[in-house]
Number of protein chains: 2
Amino acid sequence: MGAAAERAKAENEEWAGVTPDAARRLVGAAVQAFAERGYHATTTRDIAGRAGMSPAALYIHYKTKEELLYRISGIGHEKALRIMGAAAEAGGTATERLADAVRTFARWHAEHHTTARVIQYELQALSTEHYAEITGLRRRTDRLLRGIIQDGADGGEFLVDDVPGTTLAVLSLCVDVARWFTADGPRTPDEVGALYADLVLRMVGARVTDKNG
Amino acid sequence: MGAAAERAKAENEEWAGVTPDAARRLVGAAVQAFAERGYHATTTRDIAGRAGMSPAALYIHYKTKEELLYRISGIGHEKALRIMGAAAEAGGTATERLADAVRTFARWHAEHHTTARVIQYELQALSTEHYAEITGLRRRTDRLLRGIIQDGADGGEFLVDDVPGTTLAVLSLCVDVARWFTADGPRTPDEVGALYADLVLRMVGARVTDKNG
DNA sequence: CGCGTCGCTAAGCGCTTGCTCAGCAACGCG
DNA sequence: CGCGTTGCTGAGCAAGCGCTTAGCGACGCG
């Protein structure tokens, strides 16, 4: 299986929850198009074309183009929230949980940079109601990360002056991976995750136990 | 002078090099509109309206809507490059230069978050030639920052495993300020600059000389 | 005054956009 | 077989887009 085929398969699995098949193909096509050109520069004809359909077929599965973006945003942000939740609720020290959170969160933004770019940078195109709903998911993700950092600061593992500010910076750092990451760059998603986990542990003043300790 | 008037004045000074007056007003209007809605969602009628003109007047000063974005991107990226250059070429230790670079660079992205958002997140709307030109400016900014970090690593001031990766992360952190910063948030641009300078010094393993040392 | 120039506007052109609608082939069910 | 349902297409509508063009009032200059 070639690299392109593998990527297509991974992208298909990402939207496994979307049925029927045509609706899933449309979501995949929309993510690609939105990530490449942006929401407003993408036409419904383009999306339908990529999914192998006529423009009219799109409207059987989605009421509007904005609904497609909303569905993508919802699924993507829920996945991001689950990743952060898994790390926050795992056992271990605050240092271990923070490293795990940043490693998996940053890695996901690299591996799924197409989806991540759409859900992080095209939010403003959502309707007011949908925007508010998605913002709620992001606030929950933020709270989980802040909880880990607060734990570490309270327990003396971390040396942090400004917990909300540091949380914001860490989240910002991970999210922005979606902007610059490309599959043909020099770094794999795993490497990005490892690098970022290391950098963030330094940011919070955690004692690093590897070669830099 | 009210806050809004002060902001308008600051925005006017930002484009002082653009003449005549009508062309400058159009640039200001375009920056606001692009930052709010994005390039593709902004109409030439909207830009002209904000500048107090008819749609046709825009085309006396700029050949296309894209040229407006190109001018804004050029001026903005040159300013960003100058900020990074001033810090890189100043005297002092690598630690001092890095702190200065991050403080001023992050602060500019907060203070001019409207402009910064446009030049950092609407680049893909540029023509191929213009995009290449702007990318050149960004590479120069990147090289300046990498130089500082490399100096600190070589001289033993910093403990950095991956200089290009760390440079990328620092730049990404500062740039992303433009995405989340709002004037009505809890932090001033100065505070963002100070916080980010502290966080970045920790990332590179610099010895911190203040209360955290 | 006469006349060209400059900055601008009202009107609108050609095109693309998001979206709709009538109709059609395939299918399941009695 | 008959018939409704499902998933889709070809054609196209109203609206809005970037951009153009003809022309107008204010001004400087001789």
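Here is how names work: the chains are called A, B, and so on, in the same order as the sequence lines, proteins then strands, and each is numbered from 1.
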**Request:** Report the distance from atom CD1 of A:I60 to atom P of C:dT20, rounded to the nearest whole Å.
**Result:** 12 Å

**Ionic contact status for A:R50 with A:E36, cut-off 4.0 Å** = yes

**Complete:** Among C:dT9, C:dC19, D:dC19, the one nearest any side-chain atom of B:R45 is D:dC19

**Prompt:** Between A:R24 (CZ) and D:dG7 (P), how many Å, whole number?
**Reply:** 14 Å

**Request:** Determine the contact category for B:H61: base if any of its heavy atoms lies under 4.0 Å from a base atom, sugar-phosphate if only primed atoms, P, OP1 or OP2 are that close, otherwise nothing.
**Result:** sugar-phosphate

**Item:** Listed nucleotide nearest any side-chain atom of A:T64, set D:dC17, C:dC19, C:dC8
**Value:** C:dC19

**Message:** Please determine whether a side-chain nitrogen of the Lys or Arg among B:D100 and B:R97 lies less than 4.0 Å from a carboxylate oxygen of the Asp or Glu.
**Reply:** no

**Closest listed nucleotide, where the reference is the side chain of B:M53 and the choices are C:dG18, C:dT9, D:dC8** = C:dT9

**Request:** Please tell me which of the listed nucleotides, D:dG18, C:dG18, C:dC21, lies nearest to the side chain of A:A56?
**Result:** C:dC21

**Request:** Scan side-chain atoms only and decide if A:Q120 and A:H109 contain a donor-acceptor pair under the 3.5 Å cut-off.
**Result:** yes

**Message:** Just the rounded figure in Å: distance from P of D:dG16 to NE2 of A:H40.
**Reply:** 15 Å

**Asked** Between C:dT17, D:dT9, D:dG18, which nucleotide gets closest to the side-chain atoms of A:S54?
**Response** D:dT9

**Fill in**
To the nearest angstrom, the OH-P distance between A:Y39 and C:dT17 comes to 14 Å

**Request:** Starting at atom CG of B:L58, determine the distance to atom C1' of C:dC8, rounded to an integer number of angstrom.
**Result:** 13 Å

**Asked** Would you call the rings of A:W180 and A:Y196 parallel, tilted or perpendicular, where under 30° means parallel and over 60° means perpendicular?
**Response** tilted

**Request:** Specify the separation, in whole Å, of atom CG of B:D21 and atom P of C:dG7.
**Result:** 12 Å

**Request:** Specify the separation, in whole Å, of atom NZ of A:K63 and atom P of C:dT20.
**Result:** 10 Å

**Request:** Mind listing the closest non-hydrogen atom pair of B:G76 and B:I119 along with its distance?
**Result:** C-CD1, 3.7 Å

**Item:** Interatomic distance, B:L69 CG vs D:dG18 P [rounded to whole Å]
**Value:** 13 Å

**Item:** Under 4.0 angstrom between A:Y59 side-chain N/O and C:dC19 OP1 or OP2
**Value:** yes

